[in-house]
Amino acid sequence: MSSRAATYDAIVVGAGSVGVPSAYYLAERGLRVLVIDRRPAVGQGENKAAIGGVRATHSDPAKILLCSRSLEVMRSWKERHGDEIGWKPGGYCFPVYTEAHEKALQGLLPIQRRFGLVNDWVDAETIARIVPGIRREGLRGGTYSPGDGQVSPLLLAVVLMRHAARRGAELRVGERVTQYLRDGAAVAGVRTDKGTYHAARVVVATGADAAEDGRLLGIGLPVVPDSHEAGITAPVAPFLGPLVVDLRPGPEGKTANFYFGQNHEGQIIFCYTPRQLFRGTSRESLAEFLPILAGRMIELVPRTRHLLVRRVWRGLYPMTPDGVPIVGNVPEVPGLTVAVGMCGQGFMLGIGVGQEVASLAVDGQWLLPEEAWRAIRYGRDFAGGKVEALK
Ligand SMILES: Cc1cc2nc3c(=O)[nH]c(=O)nc-3n(C[C@H](O)[C@H](O)[C@H](O)COP(=O)(O)OP(=O)(O)OC[C@H]3O[C@@H](n4cnc5c(N)ncnc54)[C@H](O)[C@@H]3O)c2cc1C
């Protein structure tokens, strides 16, 4: 490397679910962009842990609008650009076995419809048709949102980065940002363990590590990771359209909910939220995970008992106190944009958030309406924050 520090229009720290689309949209706006990640390739942080579910059917307006935009781009990506990103339509389905869950899910429909989403309460017959082999005993019906789908997080990160690079973006991997350069209060670039890079605009998209960047910058980024486990089977003939979310606690009482779907290659991919959350950054998968999950899946859809599990893993949800991301320009540090705290939905939010980041960085403006951006803005008050009921 030359001794003269390189200068860019924008530096994105973190090449993950959010950093890569942010770089893509910044490059699309004509900026000379540098993306830096401490890992050896793009998308190797929590992006790689995600099982690829993408839904717009949330209860929070910002999440609804951001994920709707992600879906719009993902659905048509192959047609428009020719790259395989593993898009699989088929929607999301929440089968319901209790009155409480029926009320909770039906209560979300009006806000979802206000934002133009198609998510309907359907009867048990319909659920049984959409999820062949599902246990019928006690099944009350459920919600089904056909417009949602799945995408491969590994493919999308690589494809988006390739397109960003065609627009001039540079990628440096295996390089850790250790310092944010300042020009007075403003941010002026970054120092890594390998070099120094200048830019008047810096985007922090460091996922589960964001609290550390907050410390380096002297700002509050209250992101605390907790662990979630996932797995994938060998492929089988296509039988399952939607991604299925089981909200029941399970007989063992150890899981809050779990979800699974069949991806574009026929593999069943699954994940669960432990009832007792494991805070911290450990990525060592627990031996008890697979027996619990296998039991749950077989109990719900008995035909899955023949599946052959290929791999399990553990990853982190970068959580915020209110369960909603932290996005925005940082008034006390001119030039700084943050996009962190994506919780359990950073992959589906990534493209929508990337578009927001480009607009905030270049125009200083949100694309979202105020009603939506107020809930996710940097600097909001977390006191008494709620965590969205359905993660
Ligand atoms: C088991 C599991 C299943 C999931 N399933 C889904 C799902 O189906 N759908 C969904 O939407 N979400 C899902 N998620 C959540 C999703 O994975 C995360 O919300 C998302 O990946 C977070 O994106 P991010 O860009 O903030 O972080 P990341 O993708 O982790 O990117 C942050 C990057 O910053 C880099 N970095 C950090 N600090 C530095 C530094 N100082 N210098 C340089 N680089 C740095 C890291 O190496 C990392 O690559 C799942 C998560 C888990 C664990």
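In this chain, numbering begins with 1 at the start of the sequence shown. Only this structure's heavy atoms are used, side chains among them; waters, hydrogens and symmetry mates stay out. Read the numbers this way: they start at 1 and go in the same order the structure lists the ligands and their atoms.
From the protein, the heavy atom lying nearest to atom 2 (C) of ligand 1 is Ala49 O, 3.4 Å. Looking at atom 51 (C) of ligand 1, its nearest protein heavy atom turns out to be Tyr317 CE1, 3.3 Å. The nearest protein atom to atom 17 (O) of ligand 1, hydrogens excluded, is given as Glu46 O, 3.0 Å; this is a heavy-atom distance. Of all protein heavy atoms, the one closest to atom 44 (N) of ligand 1 is Arg38 N, 3.0 Å. When only non-hydrogen protein atoms are considered, atom 27 (O) of ligand 1 lies nearest to Gly207 CA, 3.4 Å. From the protein, the heavy atom lying nearest to atom 12 (N) of ligand 1 is Gly344 O, 3.1 Å.
A cation-pi arrangement is absent between Arg191 and Tyr180 under the rule of less than 6.0 angstrom and at most 45 degrees off the ring axis. Note that Arg135 lies in the cation-pi zone of Tyr97, set by a 6.0 Å cut-off to the ring centre and a 45° limit from the axis.
Using the six-membered ring where Trp is involved, Phe289 and Phe270 have ring planes that are parallel, under 30° apart on the 30 and 60° scheme. Ring orientation note: the planes of Trp77 and His163 are nearly perpendicular, at an angle over 60° on the 30°/60° scale.
Considering Ala50, Ser22, Gly43 only, the shortest heavy-atom separation from atom 4 (C) of ligand 1 involves Ala50. Considering only non-hydrogen atoms, atom 32 (C) of ligand 1 lies nearest to Ala205 out of Ala205, Gly45, Gly19. The closest heavy-atom contact to atom 29 (O) of ligand 1, among the options Val12, Asn47, Val18, comes from Asn47.
Smallest separation of non-hydrogen atoms from Gln150 and Gly53: CG-CA, 4.4 Å.
At least one heavy atom of His228 lies less than 4.0 angstrom from ligand 1. For the ligand labelled ligand 1, residue Glu175 lies inside the 4.0 Å heavy-atom shell. No heavy atom of Gly350 sits closer than 4.0 Å to any atom of ligand 1. Proximity of Ala208 to ligand 1 is not established, as no heavy-atom distance is less than 4.0 Å. Between Val340 and ligand 1 there is no heavy-atom distance shorter than 4.0 Å.
By the neighbour-count criterion of 12 heavy atoms within 6.0 Å, atom CG of Asp83 is densely surrounded, having more than that number from other residues, nucleotides or ligands.
Judged as a side-chain hydrogen bond (donor to acceptor under 3.5 Å, both in side chains), and not counting sequence neighbours, the contacts of Thr57 are Asp148.
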Could you list the donor-acceptor pairs under 3.5 angstrom formed between side-chain atoms of residues 113-121 and any protein atom two or more places apart in sequence or on another chain?
residue	atom	partner	partner atom	Å
Arg113	NH2	Asn119	O	3.4
Arg113	NH2	Asp120	OD1	3.1
Arg114	NH2	Glu371	OE2	3.0
Asn119	OD1	Tyr144	N	3.4
Asn119	OD1	Ser145	N	3.4
Asn119	ND2	Gln112	OE1	2.8

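Residue Leu349 places no N or O, backbone or side chain, under 3.5 Å from any N or O of ligand 1.
Using a 4.5 Å cut-off between side-chain heavy atoms of Ile, Leu, Val, Met, Phe, Trp and Tyr, with links allowed through other members, Tyr25 and Val42 fall into the same hydrophobic cluster.
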